[in-house]
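Quick notes on the structure that follows.
Whatever order the structure lists them in is the order used to number ligands and atoms, beginning at 1. Everything quoted here is computed from the prediction, not taken from an experiment.
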Amino acid sequence: MGPVQKNRTLIFTYGTLKRGFPNHGLIEDLMLTGDAIFLGVYRTVERFPLVCGPFHVPFLINLLGHGDRVWGELYDVTAKGLERMDELEGTSLGHYERLPIEIFPAEEPADHGIEKRIAAAVGVEAYYAHRSYGEELWRSNGEKGFCRYSEKEASGYVRRTERPQNISFLQQIQLFCSSSSSSTSSPVAVTD
Ligand code: PCA
């Protein structure tokens, strides 16, 4: 293992980026060039809602104290790796927002230099549901979450390329929220 480098960010992944899940290919690509390093299985110190939205896409919601301590995987990524991940998560489009999170090792860390890596990193961050819809998404899931995005949750996942192209991701989220919450009126029609 080479020296711990600066300008790296630790990313806690909890959804489709994890090993065995549909977007892990991106991390695999990044690992080939040293732009991502797997550090181990971690859990959040605090409880957070973890829910599924449209297409079984997982969302961690920034509502501390609700839900469970969430399980995920920690990666050390370079600036280049981070850029690719931000792009996938649509941070500039308001899909997810990358914010700090506190975590602890749930298993023996994969990397023994972990303390040094944590010290050298800019911070540990995760991709949360954007604040513009996070709370609403939590409510429309009946305020029920899970502690781990597992095969069961992921089994209905629809890849971006296979989703309807005539409606944006944020519109899909709105549609999901309005059709699954009992308190609101009928869902918005998305016909042309
Ligand atoms: N990808 C990111 C955020 C949600 C998702 O599916 C992750 O796995 O952490």
Side-chain angles (χ1 to χ4, degrees), residues 8-31 35-64 67-78 81-107 110 121-138 140-141 145-163 168-170 172-173 176-177:
R8 301 184 70 117
T9 307
L10 300 185
I11 296 292
F12 174 74
T13 66
Y14 59 85
T16 59
L17 285 170
K18 295 191 296 180
R19 292 175 299 185
F21 289 86
N23 288 323
H24 187 67
L26 171 63
I27 300 223
E28 277 180 339
D29 281 355
L30 296 176
M31 287 198 290
D35 287 298
I37 299 166
F38 173 74
L39 297 182
V41 176
Y42 281 70
R43 283 181 81 184
T44 61
V45 170
E46 305 290 346
R47 296 188 296 133
F48 287 100
L50 171 61
V51 299
C52 276
F55 314 115
H56 282 226
V57 174
F59 295 91
L60 185 71
I61 302 174
N62 197 8
L63 285 173
L64 203 124
D68 286 299
R69 288 174 164 188
V70 172
W71 290 76
E73 293 174 0
L74 187 63
Y75 292 89
D76 178 334
V77 302
T78 60
L82 194 60
E83 205 180 299
R84 297 274 309 275
M85 289 167 82
D86 280 357
E87 198 187 322
L88 180 79
E89 305 306 338
T91 53
S92 66
L93 303 171
H95 296 179
Y96 288 87
E97 52 184 333
R98 179 162 48 78
L99 297 170
I101 193 153
E102 274 188 86
I103 50 158
F104 66 95
E107 292 172 359
V122 180
V124 181
E125 297 178 328
Y127 292 99
Y128 293 86
H130 194 274
R131 67 193 70 186
S132 66
Y133 62 82
E135 265 193 75
E136 200 182 347
L137 187 59
W138 176 228
S140 53
N141 272 274
F146 34 90
C147 64
R148 191 200 286 259
Y149 187 64
S150 68
E151 277 73 24
K152 194 181 113 216
E153 279 80 30
S155 64
Y157 181 78
V158 182
R159 286 172 184 277
R160 195 182 297 180
T161 51
E162 285 153 24
R163 297 175 198 161
S168 74
F169 187 55
L170 289 177
Q172 287 287 0
I173 293 170
F176 177 91
C177 288

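Between Pro58 and ligand 1, a contact under 3.5 Å exists for no N or O pair.
Tyr75 places no side-chain N or O within 3.5 Å of a backbone atom of Lys18 that could act as its donor or acceptor partner. Looking at His130, its side chain never comes within 3.5 Å of a backbone N or O of Tyr96 through a donor-acceptor pair.
At a 4.0 Å heavy-atom cut-off, ligand 1 touches Tyr96 through the side chain alone.
In this structure, atom 5 (C) of ligand 1 lies nearest to the protein heavy atom Thr16 OG1, 3.3 Å. The single protein non-hydrogen atom nearest to atom 3 (C) of ligand 1 is Tyr14 OH, 3.4 Å, given as residue, atom name and distance. Here the heavy atom of the protein found nearest to atom 7 (C) of ligand 1 is Gly15 N, 3.4 Å. In terms of protein heavy-atom proximity, atom 2 (C) of ligand 1 is closest to Glu89 OE2, 3.4 Å.
Counting atoms of ligand 1 from 1 in the listed order, those under 4.0 Å from a heavy atom of Thr13 are 8 (O), 9 (O).
Heavy atoms of other residues, nucleotides or ligands lying less than 6.0 angstrom from CZ of Arg163 number more than 12.
Tyr14 and Leu60 make their closest contact through OH-N, 3.1 Å (heavy atoms, listed as atom of the first residue, atom of the second, distance).
Here Arg19 pairs with Glu73 in a salt bridge; the nearest charged N to carboxylate O distance falls below 4.0 Å.
You'll find the ring centres of Phe55 and Phe176 outside the 6.0 Å limit.
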